[in-house]
Amino acid sequence: MKRILPVFIAALALLFSSPGWAAAIITIVNGDSPGVGFNDATAVAPVGGNTGTTLGAQRLNAFQAAASKWGATLTSTVPIRILATWQALPCDAGGAVLGSAGALEVFRDFPGAPVANAWFSKAETNKYVGADVDPDTADIRARFNINLGKPGCLTGSPFYLGLDNMHGAQIDLVTVLEHEFGHGLGFQTYTDAETGEQLEGEPSIWDYFLLDTTSGKLWKDMSDAERAASAVKSGKLVWNGANVKTAAQTVLQQGTPVLTVLAPASAAGVIQVGTAAFGPPLASPGVTGEVMPVVDMADGRGLACDPLSFNNASAVNGHIALIDRGTCTFVVKVKNAQNAGAIGVIIADNLPGAPPPGLGGTDASITIPAVRITFDDGNRLKAALAMRSRQHSGVFANLGVNLAIRAGADAAGRVLMYAPNPIQPGSSVSHYDTSAFPNQLMEPSINADLSHDVAPPRDLTFPLLRDIGW
């Protein structure tokens with residue numbers, strides 16, 4: 001069964017192919033009007049190995065470089081066609097949409113499909129069928145921002161058209177292209193992350209690998225409401241594919257900053273944290289202690305905006321202080337806790353949202369570690385503290401870098417998917433989480449330190465495509 005996705009298709013089509021030695025041939029279909037985009041005849045000097053002498057030619061060379069990288073990585077006997085245009089995309093002086101791409105059509109239950117009742121991109125469908133299932137339609141639709149770097153559109157930060165990744169303060173076009181082509185090849189779900197609705201009531205192949213670790217359910221087995229709720233569970237939505245999990249052990253850095261609740265058993269587990277810009281960085285083995293709340297407000301909150309009272313000071317002395325966000329700065333709260341003898345501080349957010357941002361501020365006199373946790377995690381921690389005595393809570397935790405957890409993975413070694421709260425349409429679920437390190441090609445934003453790699457030992461994009469059948 002075929003489903004055409006709602007995208008605009010340009011009329012003009014001129015073909016350019018990646019080198020024929022690739023394991024898959026990727027063809028760029030020029031959808032630009034005369035004098036625009038690939039057809040811009042503005043004279044330019046060669047840059048970074050890009051020998052084109054016009055702006056349009058250099059853009060095409062960058063596309064061919066990205067296509068060649070993917071072509072050398074994938075295996076398919078059927079050429080992959082990318083319909084591409086340069087056009088105005090949303091932007092302002094401080095930010096911009098660099099580009100977008102996705103499958104033009106998706107198919108399920110085709111001959112040779114590796115999984116029944118699952119939607120696949122057209123390019124992957126062609127791989128299994130061994131022929132172009134719809135020769136009249138390109139496989140991928142891609143658009144890129146023609147105004148980038150001009151006044152009013154991320155002013156002064158244009159695309160770098162060189163092929164050597166020496167982009168400096170500019171935005172490396174080849175990296176952006178590899179990212180967007182990855183989406184078109186299948187690095188995306190066709191399920192609506194906001195509503196949880198599946199396309200025509202059937203799951204994407206993506207949904208066979210998205211696992212919610214709080215419920216233990218895969219997306220394919222959830223209701224619409226469960227999927228919508230899962231899409232905003234930062235730190236709890238993971239990729240359950242074997243290829244990604246195995247590759248992550250060599251790609252992702254060992255160790256990630258976390259709050260680990262050690263006891264009681266009912267509250268034990270790992271909690272995502274935002275780290276502080278002040279005080280000592282989290283380390284291994286970190287700081288372990290009993291967690292005690294600060295309570296200095298009539299409604300039960302503890303803000304620690306003033307020097308702690310005798311009762312609060314005696315409670316947090318030698319312990320890790322739990323403090324609510326609000327009213328005063330983070331450095332004031334942490335300094336007051338430090339002055340009372342606390343060995344560390346946990347700031348609980350006062351509004352829902354995830355993942356927890358870092359703690360900003362500057363104070364060279366702060367010598368204890370501090371982290372920020374979400375509103376929901378704060379409430380769960382407070383529930384565990386509810387049976388405390390004045391001097392003891394029975395809740396023990398560690399603030400530190402857990403060397404058993406890789407940066408961007410959970411405690412079981414499964415790679416985290418991007419699931420912020422509130423949801424980010426177009427970004428949520430169809431990207432790796434921003435906690436991954438080294439930064440990954442398929443995070444929601446293009447980081448300046450990315451290489452042109454799409455596979456291990458540097459990148460986890462291709463392992464995920466392998467999981468879904470490439």
Side-chain angles (χ1 to χ4, degrees), residues 234-236 248-263 267-294 304 316-323 325 329-349 354-374 377-378 380-381 384-385 393 395-416 432-440 443 447 449:
S234 182
K236 304 297 189 294
Q249 300 310 301
T250 57
V251 172
L252 297 181
Q253 176 180 281
Q254 187 178 12
T256 191
V258 291
L259 168 65
T260 304
V261 179
L262 305 170
V270 173
I271 296 176
Q272 272 189 317
V273 299
T275 55
F278 51 86
L282 297 189
S284 178
V287 172
T288 299
E290 194 169 13
V291 179
M292 290 297 289
V294 172
V316 304
N317 184 31
H319 299 149
I320 298 173
L322 176 65
I323 301 172
R325 181 190 176 196
T329 65
F330 299 126
V331 292
V332 167
K333 294 173 184 287
V334 175
K335 186 62 179 292
N336 283 331
Q338 177 178 296
N339 289 343
I343 61 174
V345 170
I346 303 166
I347 303 288
D349 252 328
L359 298 172
T362 302
D363 188 334
S365 68
I366 292 178
T367 59
I368 62 174
V371 299
R372 181 173 178 175
I373 63 175
T374 67
D377 284 333
R380 282 189 281 269
L381 192 55
L385 293 168
S393 68
V395 177
F396 290 84
N398 173 270
L399 291 178
V401 173
N402 190 327
L403 295 179
I405 303 176
R406 294 188 177 269
D410 72 354
R414 297 166 299 205
V415 174
L416 302 176
Y432 285 132
D433 190 67
T434 56
S435 61
F437 190 83
N439 287 316
Q440 295 296 295
E443 291 181 34
N447 292 292
D449 60 348

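In what follows, every heavy atom counts, from backbone to side chain, and hydrogens, waters and symmetry copies are set aside.
- In this structure, the separation between OG1 on T374 and CZ on R325 is 12.0 Å, given to the nearest 0.5 Å.
- For D433, the salt bridge (charged side-chain N to carboxylate O under 4.0 Å, His left out) criterion is met by no residue, not counting sequence neighbours.
- Rounded to the nearest 0.5 angstrom, S435 OG and E443 CD are separated by 7.5 Å.
- Annotation: side chain of L416 is in contact with side chain of D410 (closest heavy-atom distance under 4.5 Å).
- Among residues two or more places apart in sequence or in another chain, the side chain to side chain donor-acceptor pair (under 3.5 Å) test is passed with S284 by none.
- Using a 4.5 Å heavy-atom threshold, the side chains of T362 and V331 count as separate.
- Looking at V270 and L259, their side chains never come closer than 4.5 Å, going by heavy atoms from C-beta outward.
- Under the 4.5 Å side-chain criterion, counting only non-hydrogen atoms from C-beta, I366 is in contact with Q338.
- Heavy-atom minimum distance, G289 versus I343: CA-CD1, 4.2 Å.
- Annotation: ring pair (Phe, Tyr, Trp, His ring centres under 6.0 Å) contacts of F330 (sequence neighbours excluded): none.
- Between the CE atom in M292 and the CG atom in L385 there is a gap of 8.0 Å [rounded to 0.5 Å].
- Side-chain contact check for V261 versus V291: every heavy-atom pair is 4.5 Å or farther apart.
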*asked:* Test side chain to side chain contact (heavy atoms under 4.5 Å, CB included) on I346 and L399; report intermediate values, then the result.
replied: CA-CA 9 Å; I346 303 166; L399 291 178; 4.2 Å; yes

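- Here salt bridge (Lys or Arg N to Asp or Glu O under 4.0 Å) pairs that include residues 358-372, with residues two or more places apart or in two chains, are D349-R372.
- When all heavy atoms are compared, the tightest approach of V395 to A384 is CG2-O, 3.5 Å.
- Separation of atoms CD1 (I271) and CD1 (I373) is listed at 5.5 Å; rounding is to 0.5 Å.
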What donor-acceptor contacts under 3.5 angstrom involve side-chain atoms of residues 275-282, with partners at least two apart or in another chain?
none

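- Once rounded to the nearest 0.5 Å, the distance linking CG of N439 with OG1 of T434 reads 9.0 Å.
- Side-chain atoms of I347 and K333, non-hydrogen and from C-beta on, do get closer than 4.5 Å to each other.
- Side-chain N or O atoms of E290 include one that pairs as donor or acceptor with a backbone N or O of S393 at under 3.5 Å.
- Between A370 and V334, the shortest heavy-atom contact is CB-CG2, 3.8 Å.
- The shortest non-hydrogen separation linking N336 to A304 is ND2-O, 3.0 Å.
- Nearest heavy atoms, L322 versus A348: CD1-CB, 4.2 Å.
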Return a table of donor-acceptor pairs under 3.5 angstrom between the side chains of residues 249-256 and protein atoms on other chains or two or more places apart.
residue, atom, partner, partner atom, Å
Q249, OE1, R406, NE, 3.3
T250, OG1, A247, O, 3.0
Q254, NE2, L403, O, 3.2

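- Across every non-hydrogen atom of A397 and I320, the tightest pair is O-CD1, 3.7 Å.
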